[in-house]
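So the structure is just underneath, and the comments pick up after that.
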Amino acid sequence: MYASLLSLFVTVTGAVLHPVTKSTNLVVTEPPSFVRPYVLPDLSGPAVVLINDVIRAPINNESSGGAFSLLQLNAQPYIRSGYGDLYQTPPHYHTRFHETFFCYKGEVTLWANGEARMLTTQDFGSMPTHQNHSYSFTEPDSTLVAFIYPGGFEKFYWNVSEPFVDPTSAPFAPDIHTHFLETTFAAAVGAKYDVFPIFNDQFSFNFTNGTTNRSLPWHNGVTSAPMNSKEPYFLANNWSPKYLHRASGQVIQPRVTAAQSAGNFTLSTIAMRRRQLNETIVQHVYDQPHFFQVLEGVMMIRMMRQTVAMSTGDVAFIPGGTTFQYWSEVAFTKVYAGASGSNGLNHHLIEHAEKWAYAVFPSYFG
Ligand SMILES: *[C@@H]1O[C@H](CO)[C@@H](O)[C@H](O)[C@H]1NC(C)=O
Ligand SMILES: *[C@@H]1O[C@H](CO)[C@@H](O)[C@H](O)[C@H]1NC(C)=O
Ligand SMILES: *[C@@H]1O[C@H](CO)[C@@H](O)[C@H](O)[C@H]1NC(C)=O
Ligand SMILES: *[C@@H]1O[C@H](CO)[C@@H](O)[C@H](O)[C@H]1NC(C)=O
Ligand SMILES: *[C@@H]1O[C@H](CO)[C@@H](O)[C@H](O)[C@H]1NC(C)=O
Ligand SMILES: *[C@@H]1O[C@H](CO)[C@@H](O)[C@H](O)[C@H]1NC(C)=O
Ligand SMILES: *[C@@H]1O[C@H](CO)[C@@H](O)[C@H](O)[C@H]1NC(C)=O
Ligand SMILES: *[C@@H]1O[C@H](CO)[C@@H](O)[C@H](O)[C@H]1NC(C)=O
């Protein structure tokens, strides 16, 4: 039948095969329940509310075939929601999930063992397994993007929260107070969802200029990641090592390389200039799935013979084996980009890049 001729099969090792026909729109309204390429607009898809935080999962365990999840939490400080005494999430650790914290906007305070930082726009924190941590939204319009390896951590949030009904696609409901489902929450912590609470008095609240440790740089000197996958760390945006992919005018700022994830995943931000009209746009294809989230500007993405202009907040998921191209047609675009495995786009770009001390690309070509 015609249907079979029109079908392209997305092949992903280890994942269920699903037909994606040529007429399938690359842009979806919610994360698919199977592995396929897609672009999800900002603030779309099912959402739940847990106390103060509205949680969406632009990439979930089903849409990534178990590879990773990308969760987005939108909130205001607890005190504005009427939870003045509940100043931060209950301290806890995970044994299976390596969780990462990317402040998309506003401010998210992150505690990790004896240290804490106030993460502002595009600051980053990495929390390997078995590390005590907690976080709190500390600015009136804050967004946390949590890439978590492997996939599936959203199941915890979905279990302990209530659906968030948002006909306006509001980031969160600023003036509606919800209830904390204490009994459900208490039943969910433990091995089932890999959330182990701790009663920890080692967290510091003695902040000066966004840090509890004035002997280490924080937005006033170079922050860098340890060369191991066991320690938590914080990176201040644009104050960590950067690389210039000169031919394409892209500045790659790694947040996690294979060294900090034991080869399980890589994360970076990529700032890119407008492409030149005579410039060939590289085609990429990798074995492992990738994602992009637009932070500034507009990123064009082409896959499945469709080209989509992605605005800020939009997320693209690219299964392993899918050919894709990306570029900017506006003067400055910056994206959050990641992949599972150690040999994805970030690794490829850095291999062909030079060390670069600056946050933006050169003001000349070549
Ligand atoms: C995530 O998906 C993988 C692959 O399908 C599966 O093995 C795993 O159990 C799932 N994780 C959760 C938490 O549901
Ligand atoms: C949460 O998990 C509990 C215990 O496993 C289960 O009984 C309950 O139905 C789940 N609730 C939701 C909303 O998933
Ligand atoms: C986490 O907190 C517990 C309880 O306070 C403590 O015993 C443990 O050493 C802490 N872990 C780390 C990695 O600091
Ligand atoms: C807070 O930090 C400052 C600067 O490091 C230090 O002088 C002060 O003793 C600390 N206060 C407490 C209560 O630890
Ligand atoms: C905090 O930052 C301000 C402005 O950069 C600086 O003048 C001040 O010395 C800093 N305070 C401390 C305690 O480091
Ligand atoms: C600051 O960091 C240094 C180096 O990791 C550590 O030795 C020191 O104990 C930390 N100080 C505080 C107040 O956390
Ligand atoms: C990551 O990969 C290593 C093997 O390279 C494995 O030992 C580790 O448990 C993996 N998972 C996490 C969450 O770190
Ligand atoms: C593209 O055009 C610019 C001038 O607009 C020129 O400087 C550059 O060398 C050209 N690049 C290629 C790859 O042809």
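Counting starts at 1 for both ligands and their atoms, following the listed order. Residue indices begin at 1 and follow the sequence shown. Quick caveat: nothing in here was measured; it's all calculated off a predicted structure.
Relative orientation of the W111 and F207 rings is perpendicular, given thresholds of 30° and 60° on the angle between their planes.
Defined by atom type and a distance below 3.5 Å, a donor-acceptor pair is present between the side-chain atoms of Q72 and N74. Donor-acceptor pairing under 3.5 Å is recorded for the side chains of N213 and E115.
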Evaluation steps, salt bridge (charged side-chain N to carboxylate O under 4.0 Å, His left out), between D141 and K105:
CA-CA 7 Å; D141 179 12; K105 69 173 178 182; 3.1 Å; yes
Steps toward salt bridge (charged side-chain N to carboxylate O under 4.0 Å, His left out) verdict (R273, E329):
CA-CA 8 Å; R273 60 159 164 76; E329 281 178 8; over 6 Å; no
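Residue E62 does not touch ligand 1, judged by heavy-atom distances below 4.0 Å.
For ligand 6, the atoms closer than 4.0 angstrom to any heavy atom of S215 are 1 (C), 2 (O). Counting atoms of ligand 6 from 1 in the listed order, those under 4.0 Å from a heavy atom of E115 are 1 (C), 2 (O), 10 (C), 14 (O). Of all atoms in ligand 1, listed by their number and element, those nearer than 4.0 Å to a heavy atom of K155 are 14 (O). Taking every non-hydrogen atom of L216 and a distance limit under 4.0 Å, the qualifying atoms of ligand 6 come out as 2 (O).
Separation of the F265 and F291 ring centroids does not fall under the 6.0 Å cut-off. Aromatic pair F97/F153: centroids less than 6.0 angstrom apart. Two rings, from F361 and H245, have their centers 6.0 Å or more apart.
Polar contact with ligand 1: present for N61 (N/O pair, distance under 3.5 Å). Looking at ligand 6, you'll find an N or O of N213 within less than 3.5 Å of one of its N or O atoms.
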Anything under 3.5 Å between a donor and an acceptor, one on a side chain of residues 308-318, the other on a protein residue two or more places apart or in another chain? List them.
unit_1	atom_1	unit_2	atom_2	d
D314	OD1	D42	N	2.8
D314	OD2	S311	N	2.9

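The contact shell of ligand 5, taken as protein residues with any non-hydrogen atom closer than 4.0 angstrom, comprises T208, N209, R214.
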